[in-house]
Amino acid sequence: METKKIEKKWQKYWVVHNTFVASNESDKKKYYILVEFPYPSGAGLHVGHVRSYASLDAVARKKRMEGYNVLFPMGWDAFGAPAEQYAIKNHIHPSKAVKENIKTFKGQLQSLGLSFDWSREIATTDPKYYKWTQWQFLKFYEKGLAYKATVPVNWCPNCKMVLSNEDASGGVCERCGTGVVQKEKSQWMLGMKKYAEKLLDGLDDTKFQEKVKLAQKNWIGKSMGAEVDFQIDNSDEKLKVYTTRPDTIFGVTFMVIAPEHPIINKLSERILNIDEIREYKEFASHKNEMERTQLNKDKTGVKVLGFYAINPITQDKIPVYVSDYVMMNYGTGAIMAVPAHDERDYAFAKKYGINIIPVIEGGDTSREAYVGDGIMINSGFLNGIDNKRDAIFTITEYMEKNGIGKRSVKYRLQDWVFSRQRFWGEPIPMINCPNCGWVPVPYSDLPVKLPNVTAYEPTDTGESPLASIEEFVNCKCPSCGGPAKRETDTMPNWAGSSWYWLRYMDPNNDTEFVSQDALKYWGKVDWYNGGMEHATRHLLYARFWNNFLYDEGLVPNAEPFIVRTSHGMILGSNGEKMSKSKGNVINPNECIDEFGADALRVYEMFIGDYEKEVNWNTASLNGCKKFLDRVERLGTKLRESNRYSKEIEVLMNKTIKKVTDDLDNLKYNTAVSSLMILLNELEKLDEVTTKDYRTLLLLLNPMAPHITEELNEIYKLGDVLCESSWPKYNKEKLVEDSITIAIQINGKLRGTIDVALDTEESELEKIALANENVKKHLEGKNIIKVIVIKNKIVNIVAK
RNA sequence: GCGGGUAUGGCGGAACUGGCAGACGCGCUAGUCUUAGGAACUAGUUCUUCGGAGUGCAGGUUCAAUUCCUGUUACCCGCACCA
């Protein structure tokens, strides 16, 4: 039968028999495999999706055959700006476009024969789904973790949208690459910062790949130091700074505050050059990404004329500067500058001719800042002691005793900017009442559904298009009943994906976001696979969200995922990222048409190291097709026979072990190659036993599910493969009776000998020395030593 | 700048705890069968001056190093004036 027909046949079989539908009640051990759900773009499925889906599908299929109750679900992360951009361009409502895209995606996934439990399909854009996203937002609000604040935000002038720090990394818009500018806007925020420590500690409860843990740790960016108060001269006002180097306080020669620092306005009357400083603030806010990186080393700033800060230890008068190399959103927005021992301060001091006082021995501060450790100098009562071991504690204690400063921990992690001024997102369920202020939409009124928008364009004022829909905006205050206005901001596209794995456990529940029973049964996601690019965004948001739900007693575990892995990207055959403009995009549909779904699946698993990026190579795909054809042709050699071969038996057992282990350890490429080796050996035989053939098909089934089922049926080898048990190997049958041992002279290979397993060392030495080629190479040489390792090697050292 | 990673034939990549480097596949070469072949099969395929040399480069440890140690280069990724 033709490949296409075989694939359709089995895909239908699986649907009709509910083969992959997971049960919430089962005596079997549960196993939850999650792959990141796609954003259903208009471009259709990417071969990159296929790489992770096919690989994890093989794992899921194998786990089922091993007797697990496997949950392997799929859904759609369908909110987001691209759908909205598409709508603006083509005047098609996103809901319509998204619906069509989902249909395309689903068809593509199904044509690959992926064993998703489609009865649990979800879409973040479904009101039945986002009702619970909104519900959870209200939970955050109740705990004070969702709050409105006017903050400087990353604004993309092209997308006309606020971006989270995570979306604006590098100072450019994640999506369009435009440089972001800072803008003060009133936004909904989620208090992720409060969870910084928990998110850090929680990593210990996971088995994430180290690189993922590290990325998260760096993003959270914990640092330990001290907050120190510098009195402003002739004033009650204090300038609070944060420093990780309190030991260098005797070396402070100036202070730097961020352009947005509130003390500027507080003391504006005393500042003689206030206009100049406000001008500088304006200048700094307009810097875009390009300028910022180019000016990275070239620091700018303005000296504040009119007041000084007093060093609380030395009582020296310290000049204050305004400079944008100090950020308002980290620490206290003010620093004590120690040019002798900090590169940035050094550069600034050099430029503005500020005094540089070394306080730690070592280095040459006339040439560069010395950031190393050493003995304290020029530091009063700290002189002569080691800075790192002693001074840092001595001074901190002194400051705490005298009320000058205190120990302090800071995080780089910021609260999550949770508003978007777009309409294709979950409406934030809040109402603004002139009398009552912000009032949450009552739970009973959820979901707040998206109205049918007809004008898609975002506005220059930065308001959502929803703001112009009066029947949506105008409402009654749930608290006082008076006229009020609905929030028109929507949630970011990361909202729906921050809890979707929970919904899969109980996708049709109308009364709860997920039932406690389902939560108890499925627990944590055992294995979560997704892109490395989500290591600091989606993955952190999801962990934060779940940790919060845990604190509310809504889920049984603080950490949602046990294992997290990520796959390497698939690049075009030219080694560049696949893109329409480069014309190197490979369409999975075309691959399926030409080579079949099984071949594509096997190829994407065989293509290379799973975690590394690889270049696409259609010729190699053809090679995998040939492999499957050969498996099929091997069927013609089938005989009911009792022929026994020790070698085949050993190879069979080895292969079972190899495939079993490799599928659990991301080694998909070697799992495939070991099956190729097995096939090569079986092909050499005149006849193949049905037992061996069925084992081959069972092992190959998770990777190439259609053709293997078909062959199993044609040759009447037994039960449907995916309903059969996974083959087991016999530990005792993994080693052959005889092995080949290498003989080296001075580490160079001079021959090999076939000997019985466990041949004694003395015997091996004898055989090795009797070898003709060895004799030849030993001519005229004295044997100094012979190293013999049983079952491994003989190395003769000779001179 | 900081943090992480990678480096093996023409290509993708194998190699357990240090023990025959290049498994497996692609590509290539020759042949067989074919009207034909972008089909199938068979044989070969790291380089080589045929002594040897060889896992980015330079050292070291060892009987033995792709694997361990020191230094170094290139590339990739993440963060980036985080005090």
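Just so you know, these numbers come straight off a predicted model, no measurement behind them. Reminder, nothing fancy here: chain letters follow the sequence lines and each chain counts from 1.
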What's the closest nucleotide to the side chain of [X] if the choices are [options]?
| X | options | answer |
| --- | --- | --- |
| Y330(A) | C20(B), A83(B), C26(B) | A83(B) |
| L214(A) | G27(B), G4(B), A83(B) | G4(B) |
| R412(A) | G25(B), A80(B), A83(B) | A80(B) |

With the side chain counted from C-beta on, respond yes when [X] and [Y] share a heavy-atom pair under 4.5 Å apart, and no when they do not.
| X | Y | answer |
| --- | --- | --- |
| R633(A) | L679(A) | no |
| P702(A) | Y668(A) | no |
| H567(A) | E611(A) | no |
| H261(A) | L239(A) | yes |
| D661(A) | K667(A) | no |

Would you call the rings of H538(A) and H534(A) parallel, tilted or perpendicular, taking 30° and 60° as the class edges?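 Geometry flag for H534(A) against H538(A): perpendicular rings.
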
Parallel, tilted or perpendicular: which fits the ring planes of W416(A) and F544(A), with parallel below 30° and perpendicular above 60°?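 Plane angle over 60°, so perpendicular.
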
Enclosure of K577(A) NZ (heavy-atom neighbours >12, cutoff 6.0 Å): no

[atom1] atoms of [N] and [M], separation to the nearest Å:
| N | M | atom1 | result |
| --- | --- | --- | --- |
| A65(B) | C57(B) | P | 15 Å |
| G54(B) | U8(B) | C1' | 10 Å |
| U46(B) | A74(B) | C1' | 23 Å |
| A30(B) | G38(B) | P | 14 Å |
| U66(B) | A14(B) | C1' | 11 Å |
| U55(B) | A64(B) | P | 16 Å |
| G19(B) | C24(B) | C1' | 22 Å |
| C76(B) | C81(B) | C1' | 24 Å |

[X]: partners by salt bridge (Lys or Arg N to Asp or Glu O under 4.0 Å), with sequence neighbours left out:
| X | result |
| --- | --- |
| E732(A) | none |
| K388(A) | D373(A) |
| K731(A) | none |

Centre of F595(A)'s six-membered ring, under 6.0 Å away, within 45 degrees of the axis: is that where NZ or CZ of K625(A) sits? no

Within 45° of the axis and under 6.0 Å from the centre of the six-membered ring of Y325(A), does NZ or CZ of K299(A) qualify? yes

Contacts of F606(A) meeting ring pair (Phe, Tyr, Trp, His ring centres under 6.0 Å) (sequence neighbours excluded), chain-then-number -> none

Can you tabulate the close N/O pairs, meaning under 3.5 Å, that link protein atoms to atoms of nucleotides 38-44 of chain B?
from   : atom 1 : to      : atom 2 : distance (Å)
A40(B) : O3'    : R633(A) : NH1    : 3.1
C41(B) : OP1    : R633(A) : NH1    : 3.4

What is the separation between atom [atom1] on [X] and atom [atom2] on [N], rounded to the nearest whole Å?
| X | N | atom1 | atom2 | value |
| --- | --- | --- | --- | --- |
| N218(A) | G1(B) | CG | C1' | 14 Å |
| K657(A) | C16(B) | NZ | P | 13 Å |
| H341(A) | A83(B) | NE2 | P | 17 Å |
| M532(A) | C79(B) | CE | C1' | 12 Å |
| I392(A) | A83(B) | CD1 | C1' | 12 Å |
| R245(A) | A83(B) | CZ | C1' | 11 Å |
| M703(A) | C24(B) | CE | C1' | 13 Å |
| F208(A) | G78(B) | CZ | P | 19 Å |

Pairs satisfying salt bridge (Lys or Arg N to Asp or Glu O under 4.0 Å), at least one member in residues 245-255 of chain A, at least two apart: R245(A)-D247(A)

Quick one: which residue pairs count as a salt bridge (Lys or Arg N to Asp or Glu O under 4.0 Å) with a foot in residues 564-573 of chain A, not counting sequence neighbours? E36(A)-R564(A)

Could you provide the dot-bracket string of RNA chain B, using ( ) for intrastrand pairs, [ ] for crossing pairs and | for bases paired to another strand, with Watson-Crick or G-U pairs below 3.5 Å? (((((((..(((......[....)))((((((.......))))))((....))..(((((..]....))))))))))))....

Protein-to-nucleotide contact annotation, 5' to 3' order, nucleotides 46-66 of chain B [B base; S sugar-phosphate only; - none; under 4.0 Å, heavy atom]: -------S---------BS--

Just checking [X]: base, sugar-phosphate only, or nothing, at a heavy-atom cut-off of under 4.0 Å?
| X | result |
| --- | --- |
| V256(A) | nothing |
| M327(A) | base |
| A619(A) | sugar-phosphate |

Which donor-acceptor pairs under 3.5 Å do the side chains of residues 751-761 of chain A make with protein atoms, sequence neighbours left out?
from    : atom 1 : to      : atom 2 : distance (Å)
D754(A) : OD1    : T740(A) : OG1    : 2.7
D758(A) : OD1    : N791(A) : ND2    : 2.8
T759(A) : OG1    : A756(A) : N      : 3.4
T759(A) : OG1    : A756(A) : O      : 2.4

Could you pick out which residue, V672(A) or K792(A), lies toward the 5' side of RNA chain B when each is mapped onto its nearest nucleotide?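 Comparing both residues, the 5'-ward one is K792(A).
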
Map T740(A) and G221(A) onto RNA chain B by nearest heavy atom, then report which one ends up closer to the 5' terminus.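 The answer here is T740(A).
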
So, is Y325(A) near the phosphate of A83(B), with a side-chain N or O under 4.0 Å from OP1 or OP2?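 Checking A83(B) against Y325(A), no side-chain N or O comes under 4.0 Å of OP1 or OP2.
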
Taking Q744(A)'s backbone N and O only, do any of them form a donor-acceptor pair with R750(A)'s side chain (distance below 3.5 Å, no angle check)?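 Looks like no, no N/O pair under 3.5 Å.
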
Just label G12(B) as syn or anti from its O4'-C1'-N9-C4 or O4'-C1'-N1-C2 angle, using within 90° of 0 for syn. anti

Kindly label the base of G13(B) as syn or anti, based on whether its glycosidic torsion lies within 90° of 0.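 Nucleotide G13(B) adopts anti.
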
Dump the pairs, protein N or O against N or O of nucleotides 10-13 of chain B, anything under 3.5 Å, distances to one decimal.
from   : atom 1 : to      : atom 2 : distance (Å)
G12(B) : O2'    : I607(A) : O      : 2.4
G13(B) : O3'    : N669(A) : ND2    : 3.2

Under a 4.0 Å heavy-atom cutoff, the residues of residues 658-667 of chain A touching RNA chain B are K667(A)

Walk me through whether K281(A) and E260(A) qualify under salt bridge (charged side-chain N to carboxylate O under 4.0 Å, His left out). CA-CA 7 Å; K281(A) 181 184 170 183; E260(A) 306 87 6; over 6 Å; no

